[in-house]
Amino acid sequence: MAEQKQTYDPATIEPKWQQFWREHDVFRAKNPGDQDFDPKQPKFYALDMFPYPSAAGLHVGHPEGYTATDIVSRYKRAKGFNVLHPMGWDAFGLPAEQYAIQTNTHPAKTTAANIDTFRRQLQTLGFSYDWNREFGTCDPSYFRWTQWIFKQLHQRGLAYESNAPVWWCEALGTVLANDEVINGRSERGDHPCERRPLRQWVLKITEYAERLLRDLDPLDWSESLKTMQREWIGRSEGAEIDFDVEGHDARLRVFTTRPDTLFGASFMVLAPEHALVAAITTDAHRQAVDDYVKAAAAKSELERTDLAKDKSGVFTGAYARNPLFAADDPRGRIPIWVADYVIVSYGTGAIMAVPAGDERDFEFAQKFAIPIPGIFAPATGDAERDARIAAGEQCCTDEAPYAAHCRTSDGKIVLAGKSLQDGKRAIIDWLVAAGRGEAKVTYKIRDWLFSRQRYWGEPFPVLHTEDGVALVPDAELPVLLPDMEDFKPGGQPESPLIRATDWVNTTDAKGRPAQREINTMPGAAGSSWYFLRFCDPHNTNEFCSKAASDYWLPVDLYVGGTEHAVGHLLYSRFWTKVLHDQGLVTCVEPFHKLYNQGMIQAFAYQDGRGAIVPKAETKEQGDDVVHATTGEKLTPIVTKMSKRYGNVVNPDDVVSEYGADTLRLYEMYMGPLADSKPWNPKDVPGVYRFLQRSWRLCVPEFAEKGALHEWLQQDRAADPALEKALHRTIHKVEGDIERMAFNTAIAAMMIFVNEATKAMDKLNRSQLLRFAQLLQPFAPHVAEELWQRLSGDGLLSRAAWPAVDPALLVDDEVELAVQVLGKLRARVTVPNGAANDVALAAARAAAVQWLDGKTVVKEIVVPNKLVNFVVK
RNA sequence: GCCGGAGUGGCGGAAUCGGCAGACGCACAGGUUUCAAAAACCUGCGAGGCAACUCAUGCGGGUUCAAGUCCCGCCUCCGGCACCA
């Protein structure tokens, strides 16, 4: 056979192996009950946050997390785990519908086309997904069970209808959830939003607040993410206290975290929307209060918070009685105000204001000249501050001793001398005994607004009948969307489904007329349980068999972006707990380990005014980048990839120029997975060269097709130095994969290849086979190809991870650093594990010129590391 | 404002438990090869200094024989929350 150039050619290798793996079902995960299922094998569930298949196709940000989970999946398979590594599509929702409207094509069509693109792109990257388990949330066979789960929630009393005001976004023609609105503007598109009352489905996630909080602790998530969820749930402990209102029967209930400051309550504040406002306002103040309430209603949340740092409010003319004081004690008569710094939806929508102990109340009291009774008697040594606090001239939010007058006239409560905890306790005990209040825990988290006025979402399995809400029987699920020509929002709050009259008007189980629910479910519905369906995706009798979820759950590794920190992750945890309570799954926390990847950024160039110049208008000039027309020197900055800046990198382009293995490797080599880091096209050839050098270790440049280096053609003994280097590399790569440090794992393989290249003809086949095994999780195509050319046993993707001989990880000799006064002065080589006196003797000899004429005061030996002499 | 995270060569980054700062890659420089270029390969590469050495991990202090790593006080950047009583 004629010799020819044997170059590393990803364009032929990669499609070949992708096809082979797919045709031979290499990455199929076996469920309990399947043929060849081995119950003794440990399981590993590696999950990516499934993508929203947008029309733009895959972005280089997607494969970052996907490569990480793929490395772990391939590694775990090699380590003998039964690995579940699935992929699917989060395919219902607003952007798909927006795009469909733009292109005037049915969202089912555009979504299917987008999914095809995503699938094709992902498949060119060689991910070891079990594609048999693929589904999209818009598949009727899937959302049938989303509807069924809604029914479970409803049956447990966790779904209710509400007319509470919700965020309405005129521009998007839809209502939005709290977390989709930022400072009164839509997260998507940044359009203005306002509050409007609409009939909505709401899920009682608040009922699970305590468990969602408590169960967070043992999870292997970053502390910052746990903190985000904790703060979102926002638990606070305190008390509810009832105040009498002069001249009214109604009592005013407030929530406070500082019941111990009740002696300092000098006014009350109601939220403008509070139910009692109208009733208690006196005629003299009615006009002012009405005006204020109206103005507050018209204000956006933005105006009420961000811009209006200045407190505003009006007096109602009414007075409350502080329950601690006797009916004739003038200190107990406190005015009731209305102010928008109190939020109606938190606590009871009313507060007792204690200006001496709360900065907001202090600010308000100062502005409106309300008395500020001092209630603390601090003795911190800062006499001036102590005096101001005692006099009520300064607010004190820290723990401080109570003033002597913090006592009831009957002596039943005496706060002086008590700690903060005991002070709270004393007041709460008294309130309970007096029937005036109780200890109370409040949460910031609100119930989950669970409906959208849109076409492209799961229909509710709900009928509105003359008797009220009726659930669609299981046998009639799924409730399919009507096939509508015109699915655009009508500009009215109701969903376009209202126009599908044939669909809306139906009959209930008794044959009486009924109307279908026209709201659809939000995007987060389908993503709240997809990890469960992956365990048993083809089940037509159940959403997921208990055997399958018991086996696979929890997810062992879940990788995705931080943007889902409070939305998706909280909703999924909630649904899992509900399904658990229904006895349908055993697991209570779906995601054991969660890892947030950083963002892939890009370079952009700024001109002198700080404006970003689009890539197309720049050019390189020597080491600099300048403006193509003006020639102005531009400053490089790191920012988000954006179409506007022209710095978006398309993974397809990288694959066609360098191959998928290079893309995967580069994304992992850029830096730690958790960090955000800029894409630098100049760095990509570096990892490509590494693959080429790896290839060259096996394949000569000119040879017969498929031939190896001649020294690899027969078996021979391993070179000890290379063998040692290889074992170290295996050990390092293994440890680095376990701790998700893929960048350093790749660096270790590069070191091995550099070393091996220098002594290439000393390598043997076994060493190269093992190197291919190491490389396989990272660059699976080239590794599989080399494995085949080296006549490895079977398929590399199914081969076991190479073993490390611990004996080969230790050296006979080690180099010690010799320091004098902490400064490195020499190095000596001593036997590994040498006794301290041996190390000292060697070090002393090496450092003699720095020790001469000095007194050694102390000698520190760190075995196998260094010797430090402290001299005088 | 509050809560997280980070700041190391020209660049991306490494240093896993307080023990030789700068692994690995990029860029750059010199060389080999080549008709030539590219590719590939080899060598060098924190700063200052001829050198011995000195200085260097955002800034200022501290603890320690020894600090990128621990402590205190600042600065800057990124992310989250933002009148939640």
Side-chain angles (χ1 to χ4, degrees), chain A residues 7 183 222-228 230-232 234-236 238 254-258 261 269 304-306 308-309 311 339-343 345-354 357-361 363-364 442-446 562-563 565-566 596 598-599 601 603 623 636 638 665-666 669-672 674-687 689-690 692-693 696 701 732 735-736 738-739 741 743-751 754 757-758 815-827 857-871:
Chain A
T7 48
N183 291 334
S222 70
E223 270 315 306
S224 69
L225 196 80
K226 287 192 200 178
T227 302
M228 270 193 238
R230 286 190 189 110
E231 286 176 357
W232 191 261
R235 181 184 202 274
S236 42
V254 302
F255 172 72
T256 177
T257 54
R258 292 290 303 268
T261 62
V269 183
R304 279 178 67 161
T305 58
D306 252 26
K309 286 289 176 199
K311 296 274 181 294
D340 66 3
Y341 81 91
V342 172
I343 297 165
S345 52
Y346 182 76
T348 63
I351 61 161
M352 64 173 205
V354 183
D358 184 287
E359 274 168 25
R360 298 154 299 187
D361 299 343
E363 198 189 316
F364 192 87
T442 300
Y443 302 89
K444 268 196 256 184
I445 191 172
R446 315 282 167 84
T562 345
E563 65 272 20
V566 287
N596 287 123
M599 238 196 325
Q601 302 162 307
F603 291 108
D623 290 347
V638 169
L665 217 46
Y666 174 63
Y669 190 64
M670 291 170 77
D675 291 1
S676 288
K677 55 244 160 199
W679 183 278
N680 187 353
K682 288 191 170 159
D683 286 340
V684 178
V687 290
R689 279 200 277 270
F690 159 69
Q692 214 160 19
R693 288 153 71 95
R696 202 50 80 213
E701 199 168 354
K732 172 77 176 153
D736 282 353
E738 297 277 3
R739 66 183 184 108
N743 54 333
T744 50
I746 295 166
M749 289 189 281
M750 286 175 168
I751 293 170
N754 290 346
T757 299
K758 285 177 195 158
E815 196 178 58
L816 300 186
V818 181
Q819 296 181 340
V820 178
L821 284 171
K823 282 197 195 321
L824 180 69
R825 292 304 182 188
R827 292 170 217 272
V857 211
K858 203 170 172 187
E859 296 164 332
I860 293 117
V861 183
V862 183
N864 283 355
K865 285 265 175 176
L866 60 70
V867 176
N868 190 9
F869 295 103
V870 185
V871 298

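Below, chain A is the first sequence line, B the second, and so on; all start at residue 1. We use all heavy atoms of the structure for the numbers below, so side chains are in, but hydrogens, waters and symmetry mates are not.
Within the 4.0 Å cut-off from OP1 or OP2 of B:G13, not a single side-chain nitrogen or oxygen of A:Thr744 is found. The side chain of A:Arg689 contributes an N or O atom lying less than 4.0 Å from OP1 or OP2 of B:A40. Close to B:G25, at under 4.0 Å from its OP1 or OP2, lies a side-chain N or O of A:Asn754. Proximity of A:Tyr346 to the phosphate of B:A85: a side-chain N or O atom is located under 4.0 Å from OP1 or OP2. Remark: A:Arg693 is in phosphate contact with B:C41, judged by side-chain N or O atoms under 4.0 Å from OP1 or OP2. One finds no side-chain N or O of A:Lys682 lying less than 4.0 angstrom from the OP1 or OP2 phosphate oxygen of B:A27. Close to B:A14, at under 4.0 Å from its OP1 or OP2, lies a side-chain N or O of A:Asn743.
Judged by distance alone, the side chains of A:Tyr666 and A:Asn680 never bring a donor and an acceptor atom under 3.5 Å apart. Counting only N and O atoms by type, the side chains of A:Thr744 and A:Asp736 include a donor and acceptor under 3.5 Å apart.
In this structure, A:Leu824 places its CG atom 15 Å from P of B:G19, rounding to the nearest Å. In this structure, the CD atom of A:Gln819 is 13 Å from the C1' atom of B:U64, given to the nearest Å. Atoms CZ (A:Phe690) and P (B:C41) sit 13 Å apart, rounded to a whole Å. One can place CG of A:Asp736 at 17 Å from P of B:A23, the figure rounded to the nearest angstrom. B:G12 atom P lies 17 Å from atom CE of A:Met750, rounded to whole Å.
Pair check for B:C70 finds B:G62; Watson-Crick or G-U wobble, both atom distances under 3.5 Å. Taking a pair to require two hydrogen-bonding distances under 3.5 Å in either a Watson-Crick or a G-U wobble arrangement, B:C50 remains unpaired.
Heavy atoms of other residues, nucleotides or ligands lying less than 6.0 angstrom from CD of A:Glu738 number more than 12.
One C1' atom belongs to B:U33, the other to B:A15, and the distance between them is 38 Å to the nearest Å.
Residue A:Ile860 places its side chain closer to B:G19 than to any other of B:G19, B:C83, B:C3.
Considering CG of A:Asp683 and NZ of A:Lys677, their distance stands at 13.0 Å, rounded to 0.5 Å.
The side-chain tip of A:Lys311 does not point at the ring of A:Phe364 from less than 6.0 angstrom away and within 45° of straight on.
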